[in-house]
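First the structure, in the form of structure tokens, and then the observations on it.
Convention: sequence-line order gives letters A, B, ...; per-chain numbering from 1. Source: prediction; values computed, not measured.
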Amino acid sequence: MTFISVSSRLLSFLLRRRIGTSSCFQSLSIGVVHFHVNDNISKPNSIPHSTHSIPSPHIKLQQYLVQKSKSGFDNLDDALAVFDKMLKLRPLPYDFHFNQLLTALVKMKQYQVAVSLFQEMSSRKIDVDIITFNIAINCCCHSNRVDYAFSLLLSAFKRGFVPDVFTYTTLIRGLLSQHKSAEARLFFTNLIKLNELQPNVVTYSTMINGLCKTGHTEMAIWLFRFMEKSDCKPNTVTYNTVIDSICQHGLVDDALILQSEMMEKGILPDVWTYSPLIRVLCKLNRWEELSLLLEQMIEDMNISPNVHTFTILVDAYAKSGKLDDAKQIIKIMNGRGEYPDIVTYNSLMQAYCSQGQMDEAMVLYRNMECEGLSPTVVTHNILLHGLCQLGKTMEALAFFYKIQELGHKPDIIIYQTLFGGLCKSNYVDKALSFFQTMECNGLIPESKTYNIIICGCLWNKKYNEASKLVHKMVDCGFSADAITTSLLQQILTKVQDPTLLAMHQKCLQSGNYEQ
DNA sequence: TCTGTCTGAA
């Protein structure tokens, strides 16, 4: 089956299933919370089961915090104002309330603020429990301060708290997110050996994900199989983690087998299970299987694609030159209440650019801003690349300056695109001068950066500049890629220049060609 | 009230 027939089948299928937008955006306005301040600083030791004995401001606070810990505060100042009021409230709110406030901050990803509030609570000797510690430890890990997280573990011990499975799972994730996978593995196994940790499905899934992400896929699969034999069975998240990792390695058949396995065991897949599979099937041009999988997902399993899933499809259509189908997908998304975001638009913009429809891409770029979507460095790179591909080098250069005027900092990929465009139009001197600017701006060239500009120099017969850059590149631990090497060899068949020969020698010495 | 996948674009 061809991509075209799958695409029309899929489109009509999605159109048939079009649903209205969700009407669940009800206002959840909460009245102003009034706090009373008195001088009674006594605090009950345990949370009463009946609300009769709880002062009214505490009940309001509880209701407010329950809602805010689910939805998050509108802004940080509101959260801080509530914290200040809580500090003045007498009797002091329960640790439970402070935990809810900290949880709300976590929802807002205000990890460092949460840690500051925890410190403030500690300095004021406000009662906390192991959950407060767990939240603070988690915040440290999210702020890449796993060292501080461990020092909090130590203070928890000192204060007589017994760390639980949440504490240890959080710390294991912290270590893994800091690429300390050996330490995480040691910590995990030692805790089990010492009987300090009875891992639950989250602990195992965390460990498996960390192993996958740090390149220890085999170990991850071993742990996954071990789990299957244990009392703690893998759940949807565990399967999703492993399926995603297998897909990342392009082993879609293994991933599909695992997906069937989970369904046979009665573990329900979700949108996270399907998205990596859809992505890899698109990438491998296995359209027929893609179509079947989408049908299974939407019709059999009643799982609705989300913005990520749709973007994978938009991107697949865009990359196959099916611009109309990509646009059709966006219409379907709107109809289903899944609104395209910046990533979706970037894919669409790329489709316009690859079709040479730069004007359309620019219109989309401007409209997008009207819709409140802010362009990213990726957006700018797509447009810059589009202009360079069309040979509109001066326009590309103007665009490059304009985005900086608008306050966007170019990244290494933007510079690479620019170098490629300039070299292609024989403005290699300009490229070399931008290369210097780039380095002055603190951006460190990567292998690809060097290779692009070296090729540019070679094309333009700037052999001395090319030679200097080859030496610099090799000294930085990079090597010539296949394109640079073959270009060099091609030139050498015609020109027997000693600089070129030395350069070629240097390239050969630098190890395997990077593909 | 606390822990996990968070997938999509250059």
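- Minimum atom distance to the side chain of A/Asp164 is reached by B/dC2, of the listed B/dA9, B/dC2, B/dT5.
- A ring-centre distance under 6.0 Å is not found for A/Phe98 and A/Phe118.
- Taking only side-chain atoms of A/Asn381, from C-beta outward, the nucleotide of B/dA10, B/dT1, B/dG8 with the closest atom is B/dA10.
- By the 5.5 angstrom centroid cut-off and the 30-degree plane limit, A/Phe166 is classified as stacked against the base of B/dC2.
- One cannot find a donor-acceptor pair under 3.5 Å joining the base of B/dG4 and the side-chain atoms of A/Thr241.
- The side chain of A/Val202 lies closest to B/dG4 when the candidates are B/dG8, B/dG4, B/dA10.
- There is no side-chain donor-acceptor pair under 3.5 Å between A/Asn134 and A/Asn99.
- At whole-Å resolution of the value, CZ in A/Phe83 and P in B/dT1 are 20 Å apart.
- No donor-acceptor contact under 3.5 Å links the side chain of A/Asn346 to the base of B/dG8.
- Below the 3.5 angstrom threshold, one finds a donor paired with an acceptor across the side chain of A/Thr169 and the base of B/dT3.
- A/Asp341 contributes a side-chain N or O that forms a donor-acceptor pair with the base of B/dG8 under 3.5 Å.
- For the pair A/Tyr94 OH and B/dT1 P, the computed distance is 16 Å after rounding to whole Å.
- Distance A/Tyr111 OH to B/dC2 P: 13 Å, rounded to the nearest Å.
- For A/Tyr168 and A/Phe188, the distance between ring centers is not under 6.0 angstrom.
- If you check the side chains of A/Thr169 and A/Thr203, you find a donor sitting under 3.5 Å from an acceptor.
- Between the P atom of B/dG4 and the CG atom of A/Asn134 lies a distance of 11 Å, rounded to the nearest Å.
- Considering only side-chain atoms of A/Thr103, the nucleotide from B/dT1, B/dG4, B/dA9 that sits closest is B/dT1.
- Taking every side-chain heavy atom of A/Arg279 into account, B/dA9 is the closest of B/dC2, B/dA9, B/dG4.
- Remark: ring of A/Trp272 not stacked against base of B/dC6; the cut-offs of centroid gap under 5.5 Å and plane tilt under 30° are not jointly satisfied.
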